[in-house]
Colleague: 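Quick one: structure below, then a few questions.
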Amino acid sequence: KSVWTDSYPFIEPDGVTYPGLSLAMPFYSGERLAYVVTADFTSAKLCRFLQGVKVGRTGYAFVVDDRSNGGHVFLAHPNPDLLLQKRGTA
């Protein structure tokens, strides 16, 4: 079974920190675990992709991470600056 992590901070080569997440996928030889492949994904490229996605006349697409603790985190948005702002707790 593949496993996705909760999002966590990734530091991009430009020094900016973006949310990211990792995927781990096991591979078996018969019943025995042979190896695990992992991949890390940052939201920086996804944000750039979302800038070109049009939803109706004025809408836009965004990605929300449903955290294992029941919380929610914006993972990708056409305006990546929104991901980099600190949010107050209400």
Colleague: Which atoms form the tightest heavy-atom contact between Leu33 and Pro26, and what is the distance?
Modeller: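 The answer is CD1-CB, 3.7 Å.
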Colleague: Indicate the atoms forming the closest heavy-atom contact of Leu50 with Ala61, along with that distance.
Modeller: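 Shortest heavy-atom separation between Leu50 and Ala61 comes out as CD1-O, 3.7 Å.
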Colleague: Just jot down the salt bridge (Lys or Arg N to Asp or Glu O under 4.0 Å) partners of Asp6, sequence neighbours excluded, or say none.
Modeller: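 By the salt bridge (Lys or Arg N to Asp or Glu O under 4.0 Å) rule, Asp6 matches Arg67.
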Colleague: Heavy-atom distance under 4.5 Å between the side chains of Tyr60 and His77, does that happen here?
Modeller: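 They are in contact (side-chain heavy atoms under 4.5 Å apart), so the answer is yes.
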Colleague: Measure the spacing between CD1 of Ile11 and OG1 of Thr17 and express it to the nearest 0.5 Å.
Modeller: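 One finds 4.5 Å between CD1 of Ile11 and OG1 of Thr17.
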Colleague: Do Phe49 and Val55 share a hydrophobic cluster (ILVMFWY, side-chain heavy atoms under 4.5 Å, transitive)?
Modeller: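 In one cluster: yes.
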Colleague: Give the minimum heavy-atom separation between Ser7 and Leu21, together with the two atoms involved.
Modeller: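 Closest pair (atom of Ser7, atom of Leu21, distance): CA-CB, 4.3 Å.
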Colleague: List the atom of Gln51, the atom of Lys54, and the distance in Å for their closest heavy-atom pair.
Modeller: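 Distance-wise, the nearest heavy atoms are O-NZ, 3.5 Å.
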Colleague: Are Val3 and Leu23 joined in one hydrophobic group, where the rule is that I, L, V, M, F, W and Y side chains link up if heavy atoms are under 4.5 Å apart?
Modeller: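 In one cluster: no.
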Colleague: Flag the pair Asp40 / Tyr8 as yes when at least one side-chain heavy-atom distance between them is below 4.5 Å, and no otherwise.
Modeller: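 Yes, their side chains come closer than 4.5 Å.
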Colleague: Are side-chain heavy atoms of Ser22 and Phe10 found at a separation under 4.5 Å?
Modeller: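 With C-beta onward as the side chain, the pair touches.
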Colleague: Mind checking side-chain hydrogen bond (donor to acceptor under 3.5 Å, both in side chains) for Asn79 and listing every partner two or more places apart, or none if nothing turns up?
Modeller: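 Here no residue qualifies.
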Colleague: Classify the ring geometry of Trp4 against Phe41: parallel below 30°, tilted from 30° to 60°, perpendicular beyond 60°.
Modeller: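 Tilted: the ring planes of Trp4 and Phe41 meet at 30° to 60°.
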Colleague: How far apart are the C-alpha atoms of Val63 and Ser43, what are their side-chain angles, what is the distance that settles it, and do they pass the side chain to side chain contact (heavy atoms under 4.5 Å, CB included) test?
Modeller: CA-CA 9 Å; Val63 179; Ser43 64; over 6 Å; no
